[in-house]
Enquirer: 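This is the structure I want to talk about, given as structure tokens.
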Amino acid sequence: MRDRSRPSGVGTVIGWTALSVVAPGAAHLRAGWRRTGLALLSVHAVLLLGLLWIGLTSDLTDFADLAGWLAASSWLTAVTVASVALGVAWFALVVHSFVVLNPGTLPGAGQVITGTLAGALAVAVLLPFGLVGQYAAVSQSALDKVFNAPVTPLSPTGSTGAGDPWAGRDRVNILLLGGDADTHRVGVRTDSINVASIDVETGNTVLLSLPRNLENVRFVPGSPMARRFPDGFRLPANPDGSREDLLFAVWEYADAHPEIFGGRKGQGTRTLVETIGHTLGLKIDWYALVNMWGFARLIDAIGGVRLTVPQDVVFGKYNEGLVKAGTRKLRGADAMWFARSRTNSDDFTRMGRQRCVLGALLTQADPATVLSRFNRIALATKELLRTDIPRPMLEHLVPLALKVKGAKVTSVQFVPPLINTGYPDWVKIRTVTAKAIRASAAPTAPRRHLAATTRPTAPAATSGPGPDGTTATTPGPGSGAHTASAPGARATSAATPGPQSSAGTADSAEPKGITDGCA
């Protein structure tokens, strides 16, 4: 039975309409629409209880899987459609709740007030659903643009269970490249070269960093580049003494010389991926090339990163730029110059600074930040990334990435004194790589605390892995020294370590954490 009687007043109409936003059907019960009201309340209660049950019985793995499903195109389409439909339905529900309360019997002023407030409520209810739909649509557009490579399944390794996306693998290896391609430069030079080897079960990750200036690079035996350079990648030096036959130039050189590949063009990507895999003794599954200045836009999109700059970093063709020392939030351009500047430093120091920027992003790009700046991040990502990861693999890689964020991430940098970049020990590189991966796969052992003392007058140290692939340092001019010790010994460090030092690391027989040495 419908109650058409005059409502008590403006407060009654607005109150019951507002209540219907969180308890659909309440206004209908008040107006005498008992069946409709009870049906709406029952459906709403069942949905809430279902969500509560899912929340109480699900663990982080379930939510990670959900995040993976939401990366699939079909799921994003479904989310977009469902959010729009639910938004419109809830909007209509609020409007109908207002109407059944018979506001037309109110005085003129009351009708205006209640109508305005009810309309605002209806729009407020619609906005969250619209925002979810818009996020899903933007996500789909960005993912479609970036992850457009043909689907190539992983080659099986060992026994493969039914539905195993990793084809029996314990780890996947992703090559992460930082390129300097720009409108005024020809080709792609890979200034930052890292391989992330990820345990698919635990998310434990080893970040293997190769220097851009690695010489005499060896290519996969029997490959076109190996036939051209049987004794390693070697070209005549430039008139000024600089060289273009270093690891960072492999991609560009292969692209620029299709005759080596029987006339086939665009072989730079494949050549570099295979070469780095051969160097480390790993099978590289996919690569991701990040445009360095697109990376700066990504940092701006998340609102900057908080970093400690241990000493002033000068940059620019005429040394006109400066990133001042100190701890603060850096915008994208300053963070990139901090990571890339070679002025008054070397490639190995740059590698340490790059590791600090990556570590800061890993720890500071939390879900709340990503959601609050979602559109800017999605736009920056379109301009940032080039990869051969097929879109269907995102369903599995997204949960794996969430595991990595909370897992053990260690780092090995192949820099002096571990290797001589002019005459690298290729067997040693593979041995250290294998050792680091074994250590990553092992259960995490308690870390010993190291004593730290301040030595303000000691010379600065240039950090790098020691002979067994661990962190070591070589004293140099300046201040803030850190001297690495043998396994089991105690270490000393400066009060404010920069990326060159290894203060606070665990036993030197282990690879260091990605943020170790980053104050």
Side-chain angles (χ1 to χ4, degrees), residues 1-58 62-63 66-67 69-70 72 74-140 367-368 370-375:
M1 177 181 177
R2 301 176 185 176
D3 184 3
R4 297 289 185 179
S5 63
R6 179 186 178 92
S8 301
V10 172
T12 300
V13 173
I14 293 302
W16 284 97
T17 303
L19 183 61
S20 69
V21 172
V22 295
H28 291 76
L29 286 175
R30 169 66 175 80
W33 296 52
R34 299 183 61 82
R35 290 184 179 179
T36 303
L38 289 173
L40 289 172
L41 281 172
S42 299
V43 171
H44 186 61
V46 168
L47 289 176
L48 287 179
L49 289 173
L51 290 174
L52 179 62
W53 180 81
I54 292 173
L56 293 175
T57 59
S58 299
D62 296 321
F63 288 111
L66 176 61
W69 295 337
L70 291 177
S74 57
W75 275 85
L76 286 173
T77 300
V79 168
T80 302
V81 173
S83 60
V84 171
L86 283 173
V88 171
W90 221 281
F91 177 90
L93 175 65
V94 173
V95 171
H96 195 257
S97 298
F98 171 69
V99 170
V100 299
L101 290 168
N102 203 14
T105 59
L106 292 172
Q111 293 182 36
V112 171
I113 293 172
T114 56
T116 301
L117 292 177
L121 277 174
V123 171
V125 165
L126 180 62
L127 285 178
F129 293 99
L131 191 62
V132 170
Q134 194 249 354
Y135 276 11
V138 170
S139 298
Q140 185 159 358
V370 172
L371 286 174
S372 64
R373 299 172 176 267
F374 186 83
N375 288 338

Enquirer: Measuring from atom CZ of Phe98 to atom CG of Leu117, what distance do you get when rounded to the nearest 0.5 angstrom?
Expert: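 Phe98 CZ to Leu117 CG: 9.0 Å, rounded to 0.5 Å.
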Enquirer: How long is the gap from CG on Leu121 to CG on Leu19, to the nearest 0.5 Å?
Expert: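 The CG atom of Leu19 is 11.0 Å from CG of Leu121, to the nearest 0.5 Å.
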Enquirer: Can you check side-chain hydrogen bond (donor to acceptor under 3.5 Å, both in side chains) on Gln140 and Thr80, steps first, answer last?
Expert: CA-CA 10 Å; Gln140 185 159 358; Thr80 302; 5.0 Å; no
Enquirer: Considering all heavy atoms of both residues, which atom of Pro128 and which atom of Val125 are nearest to each other, and what is their separation?
Expert: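 Pro128 and Val125 have their closest heavy atoms at CD-O, 3.2 Å.
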Enquirer: Measure the acute angle between the ring planes of Trp90 and His44, then classify it against the limits of 30° and 60° as parallel, tilted or perpendicular.
Expert: perpendicular
Enquirer: Looking only at heavy atoms, what is the nearest atom pair of Gly110 and Val10, with distance?
Expert: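 Of all heavy-atom pairs spanning Gly110 and Val10, the closest is CA-CG2, 3.7 Å.
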Enquirer: Can you measure from NE2 (His96) to CG (Leu40) and round to the nearest 0.5 angstrom?
Expert: 9.5 Å
Enquirer: Enter the distance from Arg30:CZ to Ser97:OG here, rounded to the nearest 0.5 Å.
Expert: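 Reported to 0.5 Å precision, the distance equals 13.0 Å.
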Enquirer: Measure the spacing between CG of Leu101 and OG of Ser20 and express it to the nearest 0.5 Å.
Expert: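 It comes to 7.5 Å.
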Enquirer: Kindly indicate whether the side chain of Thr17, heavy atoms from C-beta on, has any atom under 4.5 Å from the side chain of Val13.
Expert: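 The answer is yes, as the side chains (C-beta and beyond) meet within the 4.5 Å cut-off.
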Enquirer: Determine the minimum heavy-atom distance between Ala27 and Val100, stating which atoms define it.
Expert: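 Looking at all heavy atoms of both residues, the closest pair is O-CG2, 4.1 Å.
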Enquirer: Rounded to the nearest 0.5 Å, what separation is found between the OG1 atom of Thr36 and the CG atom of Leu41?
Expert: 11.0 Å
Enquirer: Could you name each residue pair satisfying side-chain hydrogen bond (donor to acceptor under 3.5 Å, both in side chains) that touches residues 111-131, not counting sequence neighbours?
Expert: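 Found none.
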Enquirer: side-chain contact (heavy atoms from CB on, under 4.5 Å), that's the test. Do Leu47 and Val43 meet it? Break it down for me.
Expert: CA-CA 6 Å; Leu47 289 176; Val43 171; 4.2 Å; yes
Enquirer: Given the rule in the ring-ring contact (aromatic ring centres under 6.0 Å, His included) test, do His28 and Trp16 qualify, once you have shown the distances and angles that lead to the verdict?
Expert: CA-CA 9 Å; His28 291 76; Trp16 284 97; over 10 Å; no
